[in-house]
Each structure stands twice: as structure tokens, then as C-alpha cells.
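Inspection log for the structure reproduced underneath, given as C-alpha cells.
Since the structure is predicted, the reported quantities are computational estimates derived from the model, not experimental observations. Per chain, numbering begins at 1; letters A, B, ... match sequence-line order.
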Amino acid sequence: MSSEVTVTLGASRRVVPRGTAVRDVLLDGNKRRDIVAARVNGKLVDLSRALEEDATVEPVTADSPEGIDILRHSTAHLMAMAVQELYPGTQVTIGPTIEDGFYYDFAPKAPFTVEDLPKIEARMRELAKANLRVERIEVPRDEAIGKFQAMGERYKVEILQDIPEQTVSIYRQGEWMDLCRGPHVPSTGYIKAFKLLNVAGAYWRGDEHNAMLSRIYGTAFASKEALEEHLKLLELARQRDHRKLGREMGLFLFDPLSPGSPFFLPRGAIVYNELIVYMRRLYRRYGFDEVITPQVFKNDLWKTSGHWEFFRENMFLTSDEESAGAEPNYAFKPMNCPGHTVIFAAEKRSYRDLPLRLADFGRLHRNERSGTLHGLERVRSMAQDDAHIFCTPEQIESEVDLNLRMVREVYASLGFEAVEFKLATMPAEHMGSEEQWRENEAKLGNALSRNGLQWEENPGEGAFYGPKIEIYVPDALKRKWQVATIQLDYNLPERFDLSYTTAAGSEARPVMIHRAILGSLERFIGVLIEHTGGVFPFWLAPEQVRVLSLSEKVEGYASEVAQLVKREGFRASADLRNEKLGFKVREAELGKVPYMVVVGEREAEARTVSLRMLRGAKNEAMSLEGLVRRLKDEPLPG
RNA sequence: GCCACCCUAGCUCAGUCGGUAGAGCAGCUGAUUCGUAAUCAGCAGGUCGUCGGUUCGAAUCCGACGGGUGGCUCCA
């Protein structure tokens with residue numbers, strides 16, 4: 001074995017003694033704090049890592065995606081160190097980086113509160129200033145177990161026991177150490193721009209049967225400026241919160257008398273109904289038939305469907321006189337599917353009837369746990385643009401394709417770019433055989449790939465009756481919400497003993513596909529508000545045109561213009577109040593009315609209007625016919 | 001449901017050490033008749049989320065409950 005190794009650094013190549021630290025070839029004596037780690041033969045390593053073989057070495061800077069991740073992870077360690085110093089007896093668990101930051105879960109003697117954060121932050125700053133060396137130590141796994149056991153860190157011991165490798169790495173800074181894969185920044189002085197954001201409860205390993213830990217969220221950036229910018233962005237996102245905009249724009253409200261169930265006000269109901277109108281147009285084109293089905297069903301239906309066994313916790317139960325004060329004998333529907341099987345089974349079906357696509361905007365009620373409710377994005381009362389497709393096994397692929405096309409059309413026309421596709425696979429609690437599940441998962445995965453869509457697996461997240469394609473879009477704070485879904489189901493047809501007559505005259509079992517494109521209209525509207533900042537496309541705007549009169553003298557003309565626009569089928573109003581124009585413009589801007597039509601004596605005289613578009617600085621004079629033409633030219637999707 | 005926090009006028013928020021509440025906006029009334037993001041003045045509006053406790057006295061301290069916020073979990 002040679003005592004030297006060849007290092008490739010960009011275009012140059014050098015020979016250095018074996019065991020030379022990455023830092024020495026990369027920094028060459030320069031004090032550069034922007035390089036936090038290195039990539040050696042493609043693997044991320046510490047700057048202190050010794051080169052033991054020929055290698056290509058690349059610097060990882062703090063502002064690169066990998067670099068910022070390392071910086072945040074090191075910040076999480078710094079936080080854990082500060083916490084354990086300040087609160088002796090607190091155990092550490094895990095502290096990963098997440099999008100835009102990091103968190104660390106602790107098992108403290110008493111849960112942390114936000115008041116603890118400044119103190120922890122202050123200690124972190126001291127520790128950063130001390131510029132402690134961050135050292136990687138590799139030890140046999142069993143030795144590490146003994147070490148952490150001695151430290152009383154039973155969560156770390158549990159983690160170690162699940163690690164298959166015989167050697168593990170520990171990172172030490174000062175007296176403090178933590179089990180960690182690394183890499184990390186060379187010393188705590190690298191950590192300059194960070195902030196602790198909030199505290200939250202979190203179960204150990206995400207399982208509610210386990211202990212409740214105390215989680216602290218924070219973030220770190222390569223520079224103070226980048227941190228400031230991020231905090232500003234968070235603030236802007238809060239401005240776009242659909243709950244805030246919904247109240248300000250008069251779209252909906254919530255009342256403690258029905259927690260988690262929105263009241264859509266006249267303006268919000270317009271958005272709601274226009275979305276339904278849009279979907280109905282698509283249904284005609286894509287071949288769906290709309291049905292209207294009951295709100296409550298006897299328990300027998302839910303017992304047959306499996307909801308009684310798998311979904312009862314989430315159902316609102318109710319009774320009629322037959323229950324005679326005993327157990328509730330009815331339940332509000334949480335899903336439309338069982339009701340649709342009733343329609344399918346009501347007639348003798350033939351292969352000629354398939355695919356049968358039944359769409360339903362029926363209201364659904366789900367008793368979601370109180371802590372999960374979140375504005376319009378998680379509600380207890382909702383309607384979906386729901387449909388169930390009954391088809392032959394051979395039709396599955398073309399039906400899934402049809403719905404994927406529909407998903408793409410809808411999200412493209414509404415301007416959503418960040419759409420994520422996932423394939424949710426068999427959950428622990430499920431109906432049907434594993435073999436059937438795997439086969440169906442493959443079918444959905446193939447459909448996604450066939451349609452040229454990027455997708456990831458979401459293991460164990462399928463519905464209890466089948467695997468599903470889930471489509472996610474983000475809200476203002478980048479939280480991802482599932483909107484559309486396409487689910488394969490062999491189980492309900494089995495449970496309801498559904499059948500159709502084949503061409504050969506035999507009886508066969510249909511397959512059901514559950515699907516929604518917008519998903520819950522409530523959630524979709526919530527996400528749409530945040531996506532658009534409340535500035536809806538023209539066709540969805542609750543108020544499309546507002547005529548602003550300049551003075552009492554033109555009241556009549558202003559009303560006439562508004563009437564004309566209304567007769568043409570647009571949602572319009574006239575602001576005839578005795579207010580200054582600037583004030584009326586301001587209110588229309590805040591109300592996000594796309595067309596502001598200003599009329600004064602000049603316009604009344606010439607029978608014209610002065611058009612000001614929302615967020616548009618200049619105004620345009622035009623005839624009444626010109627205005628109507630402009631409105632009619634506004635695009636309508638579908 | 002669990003952990004932390006919050007709840008004062010329709011909305012956004014002040015309210016010191018425990019001494020029975022205050023602003024801006026919105027609303028109402030009046031004046032102003034106005035050219036592209038806030039005209040002026042006056043009036044009215046609150047059992048301080050609810051219930052209980054501590055105290056001579058509670059918006060303020062403690063507890064329970066309700067609702068909400070951020071997470072966990074669940075899920076469209």
C-alpha cells in the first residue's frame with residue numbers, strides 16, 4: 001500500500017501523504033468559514049476526515065443545500081448541548097433537519113415552554129462563541145451502548161440497539177456528546193445565524209402509545225441576512241393564511257357551536273359553487289354521471305362496508321325511533337362509496353354498463369380528533385368532488401389514466417405547479433390479501449410512470465380497503481395537504497357482493513376506483529386562498545366587478561353600469577357611498593375585486609367608464625360595449 | 001385525544017405590583033360631493049371564553065371545562 005494518495009480537486013490533481021485531513025487539501029491553510037464539510041468520492045464527510053485512498057474532493061459550502069443541512073444539524077446538536085446543560089436530567093432522543101430548519105426531541109423532567117427558548121438560545125450563543133471543536137469518534141456499537149447507558153440516555157440506547165452496523169460514530173463538542181452519523185461543522189463557531197422557533201409535543205417514534213416528548217423547532221442559515229429573509233418570508237406567509245384572508249374577505253367563518261365545520265358566507269359560497277360548476281363541466285366531458293345520495297344510513301351498511309370496524313371512531317352516530325334509546329342505529333356518512341354500491345346493486349349490471357362513473361358532491365361528516373382541526377384544511381364537515389368508478393379489471397388502467405389526465409388538467413388550469421404525487425401502500429390494518437395489495441400497488445405505480453409523473457412511495461399509508469395515489473399541494477407555510485386521490489378497491493365490491501354479467505354470460509366481480517380531483521372542496525379552497533393570496537381567477541372571484549361612483553351626481557349612471565354588467569351574467573355591485581374615490585379604490589383593492597369600474601361626470605356624459613384592474617396602477621377609458629367585451633373575454637377553465 | 005401556548009368591543013391589540021376596562025379600524029349619526037389604496041366630527045359598543053376557587057377585592061393568581069394556535073397522531 002502506497003503511503004501517498006492522489007487527490008483530485010476540481011481540475012487539479014495532487015499527491016498528499018495518506019491520512020492527510022480533507023481540510024488540509026481543501027483549505028490549504030486558508031481560514032474559510034464558508035466551507036463546512038466536504039464531499040469525498042461523492043460521500044459527505046467532516047473536514048477532519050483523513051484521506052485513506054485516492055479521492056475526488058469537493059468543498060461543501062454553508063449556502064449549498066447539503067451545507068445548510070449540515071449547519072442545521074450541527075445547530076440541533078448545539079441546542080441539545082445547551083438544553084442538557086441548562087436542564088440536567090433531560091434525555092436526548094433524535095434531532096433531524098427538516099425543510100427550512102431542524103428540531104430536537106427531548107425527554108425533559110418538565111415539558112419546555114416558549115419562555116425557555118431565549119435562555120436556551122443565549123446559552124447556544126455562548127457555546128458558539130467558545131468555538132468548541134466538533135470531534136468525530138468511531139466506537140464499537142456495544143461500547144456506545146454501554147456509554148449511553150451509563151449516561152442514562154435510554155432513548156439513545158434504544159436507537160443503538162436498532163442499528164445493524166458494528167461501528168457507530170459519536171460526535172463530541174466540549175464535554176457533550178451525541179450519537180450521530182454526521183457530518184458536522186468543524187467547530188461550534190461556524191454556527192452564527194440561528195433562531196429557535198417554537199415548542200411542541202411529539203410522541204417517541206411518532207406513536208401515541210409511546211411517551212410524549214418535548215420538541216423544540218429551530219432554524220439556521222449560512223448568514224444573518226439569509227436568516228432574516230427567511231423570518232420575513234414566514235411573516236409574509238402568515239399574511240396569506242387562509243383563515244385570516246377568509247375572515248377579511250368575508251368568505252367563511254367558524255363558530256364553537258360546530259367546531260371544525262365552516263359556515264360559508266355568501267362570498268365563500270360563490271367560490272364553492274363555482275368550483276362545483278367547473279367540475280360538472282369536466283364531468284360531461286370525461287363521462288361521469290352525478291348522483292345524489294342519503295346523508296345517514298343504518299349501521300348495517302357500515303357493517304357491510306367495513307367502516308363499522310375500521311372507521312367508527314371517525315363517524316358521527318345517530319338514531320331513529322327504532323333504537324329506542326339504546327345504541328345509535330344510524331351514522332352520518334363519512335364517505336360516499338357505500339351509498340354508491342347501493343346504486344350499483346339496484347339493477348342487474350352488464351359489462352356494457354361499465355365503466356360506470358358515479359359522481360357525488362354529497363356532504364360528508366367525519367369526527368376528526370379535536371387537535372387535528374385546522375381551518376378549512378382539516379374539517380369535520382365537507383364535500384368532495386367525489387366519484388366512484390365501477391369497472392372490469394381490464395378497464396383499471398384506462399380509468400386510472402383518465403383520472404390522472406383530469407388531475408393534470410385541473411391543477412394546470414388553476415396554476416398549481418408544486419403538485420406532488422405519492423403512492424400510498426398497504427397499511428397495518430387492512431382488508432384483503434397482501435398479494436392482491438402488491439399487485440394493485442404495482443398497477444397504480446405503473447400508471448403514474450406511464451403518465452410521465454414523478455412520484456414517491458408513501459409506505460403503509462393506503463386506505464384500509466386499497467392502495468391509493470395521493471396528490472399533494474402546499475399551503476402558505478409549505479405544509480403539504482393531500483387534495484386529489486385515486487384509490488383502487490377490490491374489497492367493497494366483495495363485501496357488497498357486486499357483480500355484472502360478462503360478454504360470455506358469466507357473472508364477474510367489478511373493481512371500484514375511488515377518486516377525487518379537488519379532494520375536499522373545503523380543503524381545496526383553503527389551499528387555493530393561500531396559493532393565490534386571495535386573488536382568485538376571474539371566474540372564481542366572488543365579486544367580479546365593482547362600479548365606483550365619484551359623487552352623488554353620477555349615482556344613476558353608476559347603477560345603470562352595474563345593472564348592465566349583471567344582466568350580462570357577471571357578479572357586480574355598485575359602491576355609491578358618499579366616500580372619496582381613493583377610499584373606494586382602497587376597499588375594492590383589499591376586497592380583491594378584479595375589475596374596478598370608475599364613473600364620474602366625464603364618463604356619465606360620454607357614456608364610458610374608466611377601468612382599473614386589481615393591482616393595476618393605470619386606468620383605461622372604454623365604452624360600455626368595450627367593458628362587456630373585456631369581461632366576456634375572461635378565460636373560463638374546462 | 002396528547003404536549004405547549006393563547007382567549008379583553010365585530011376585527012387587530014393595550015391594560016404596570018390584584019384596586020371592578022382603553023385605543024385604532026369597523027358600526028351608527030352628522031358634515032363634506034370629492035378623479036384611482038384611508039375626509040372630518042360626534043355617538044354607541046365589553047358579565048375581560050365559561051364555571052369554580054384564593055382574596056376585603058380578580059381581566060390579572062389557581063383549577064376545571066369550552067374554543068383556538070403550533071406540533072404529535074389521524075386524514076380529503
Side-chain angles (χ1 to χ4, degrees), chain A residues 103 105 108 110-117 197-217 238 241 243-244 247-248 253-260 311 313-314 334-335 364 366-380 382-386 424 461 463 468 470-472 477 479 481-485 487 514-524 526-527 548-555 577-590 596-603 610-619:
Chain A
Y103 67 79
D105 283 348
F112 298 118
T113 75
V114 276
E115 275 92 66
D116 295 317
L117 298 185
L197 296 171
N198 50 9
V199 296
Y203 299 105
W204 169 234
R205 297 197 156 156
D207 185 335
E208 63 178 313
H209 302 295
N210 290 339
M212 173 65 72
L213 305 172
S214 196
R215 175 175 295 180
I216 301 178
Y217 283 91
R238 267 178 224 118
D241 188 313
R243 293 165 296 192
K244 177 177 153 71
R247 188 173 48 240
E248 288 172 0
L253 59 82
F254 284 91
D255 189 278
L257 288 170
S258 187
F311 210 73
E313 310 281 272
N314 289 299
M335 299 180 189
L364 308 176
R366 296 186 188 175
N367 191 3
E368 299 289 349
R369 295 157 89 176
S370 57
T372 69
L373 301 175
H374 184 95
L376 288 182
E377 287 167 342
R378 162 151 267 98
V379 294
R380 283 184 174 157
M382 60 168 155
Q384 293 174 251
D385 61 328
D386 200 9
E461 292 296 319
K468 53 185 183 180
E470 302 172 321
I471 293 101
Y472 290 84
L477 284 173
R479 288 175 293 219
W481 296 95
Q482 189 194 315
V483 281
T485 180
Q487 315 178 359
H514 309 239
R515 51 102 279 175
I517 307 295
L518 302 176
S520 123
L521 289 158
E522 282 73 8
R523 175 178 293 178
F524 187 82
V527 171
L548 312 180
S549 63
L550 257 155
S551 73
E552 262 170 25
K553 296 178 201 117
V554 293
E555 237 184 66
R577 292 174 303 168
N578 177 11
E579 296 289 351
K580 289 191 159 182
L581 181 60
F583 181 78
K584 294 187 183 185
V585 167
R586 179 184 154 80
E587 293 217 325
E589 283 282 344
L590 291 174
M596 281 164 247
V597 174
V598 177
V599 299
E601 288 182 79
R602 266 195 325 253
E603 287 77 12
S610 168
L611 175 63
R612 178 195 163 112
M613 303 295 286
L614 178 63
R615 311 266 154 105
K618 48 177 204 205
N619 37 72

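Regarding A:Glu115, its CD atom lies at a distance of 11 Å from the C1' atom of B:rC6, rounded to whole Å. For the pair A:Glu587 CD and B:rU39 P, the computed distance is 10 Å after rounding to whole Å. Put simply, CZ on A:Arg205 is 17 Å from P on B:rC72, counting in whole angstrom units. Note: CZ (A:Arg577) to C1' (B:rC28) measures 14 Å, nearest angstrom. The interatomic distance linking A:Glu377 (CD) with B:rG68 (P) rounds to 15 Å, in whole Å. In this structure, A:Glu579 atom CD and B:rG30 atom P are separated by 14 Å, rounded to whole Å. One atom, CZ of A:Arg380, and another, C1' of B:rG1, lie 11 Å apart when rounded to the nearest Å. Put simply, CD on A:Glu208 is 11 Å from P on B:rC75, counting in whole angstrom units.
Side-chain contact between A:Lys244 and A:Arg238 is absent, with no heavy atoms from C-beta onward closer than 4.5 Å. Side-chain contact check for A:Asn314 versus A:Glu368: some heavy-atom pair is nearer than 4.5 Å. A heavy-atom distance below 4.5 Å is found between the side chains of A:Arg612 and A:Val585.
Put simply, A:His374 has a side-chain N or O that comes within less than 4.0 Å of OP1 or OP2 on B:rG70. For B:rA37, one of the phosphate oxygens OP1 or OP2 lies less than 4.0 angstrom from a side-chain nitrogen or oxygen of A:Arg612.
Between A:Pro334 and A:Arg366, the shortest heavy-atom distance links the atoms O-NE, 2.9 Å. In this structure, A:Gly375 and A:Phe254 approach most closely via the heavy-atom pair O-CZ, 3.3 Å.
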Check: Which letters describe nucleotides 11-18 of chain B, given B = protein heavy atom under 4.0 Å from base, S = only from sugar-phosphate, - = neither?
Finding: SS------
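Taking the side chain of A:Ala200 as heavy atoms from C-beta on, and the options B:rU33, B:rA76, B:rG70, the nearest nucleotide is B:rG70. Nearest nucleotide to the A:Leu590 side chain, out of B:rU36, B:rU33, B:rA37: B:rA37. Taking only side-chain atoms of A:Thr113, from C-beta outward, the nucleotide of B:rA38, B:rA76, B:rA4 with the closest atom is B:rA4. When distances run from any side-chain atom of A:Arg215 to the nucleotides B:rA4, B:rG71, B:rC75, the shortest one goes to B:rG71. With B:rA76, B:rC72, B:rA37 as the candidates, the nucleotide lying closest to the side chain of A:Tyr217 is B:rC72. Distances from the side chain of A:Pro256 to the nucleotides B:rC72, B:rG70, B:rG67 place B:rG67 closest. Here the nucleotide nearest the side chain of A:Pro111, chosen from B:rG35, B:rA4, B:rC74, is B:rA4.
Side-chain to base pairing of A:Tyr203 with B:rG1: one donor and one acceptor N or O lie within less than 3.5 Å of each other. Residue A:Glu603 places a side-chain atom within donor-acceptor reach of the base of B:rG35, judged by atom type and a 3.5 Å distance cut-off alone. Looking at A:Glu368, its side chain comes within 3.5 Å of the base of B:rA76 through a donor and an acceptor atom. At a cut-off of 3.5 angstrom, counting only N and O atoms as typed in the model, there is no donor on one side facing an acceptor on the other between the side-chain of A:Arg369 and the base of B:rC74.
Distance noted for atom C1' between B:rG49 and B:rA31: 40 Å (whole Å).
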Note to self: Dot-bracket, 5' to 3', for RNA chain B please: Watson-Crick or G-U pairs under 3.5 Å, [ ] where pairs cross earlier ones, | where the partner sits on another strand, dots elsewhere.
What the structure shows: (((((((..((((.....[..)))).(((((.......))))).....(((((..]....))))))))))))....
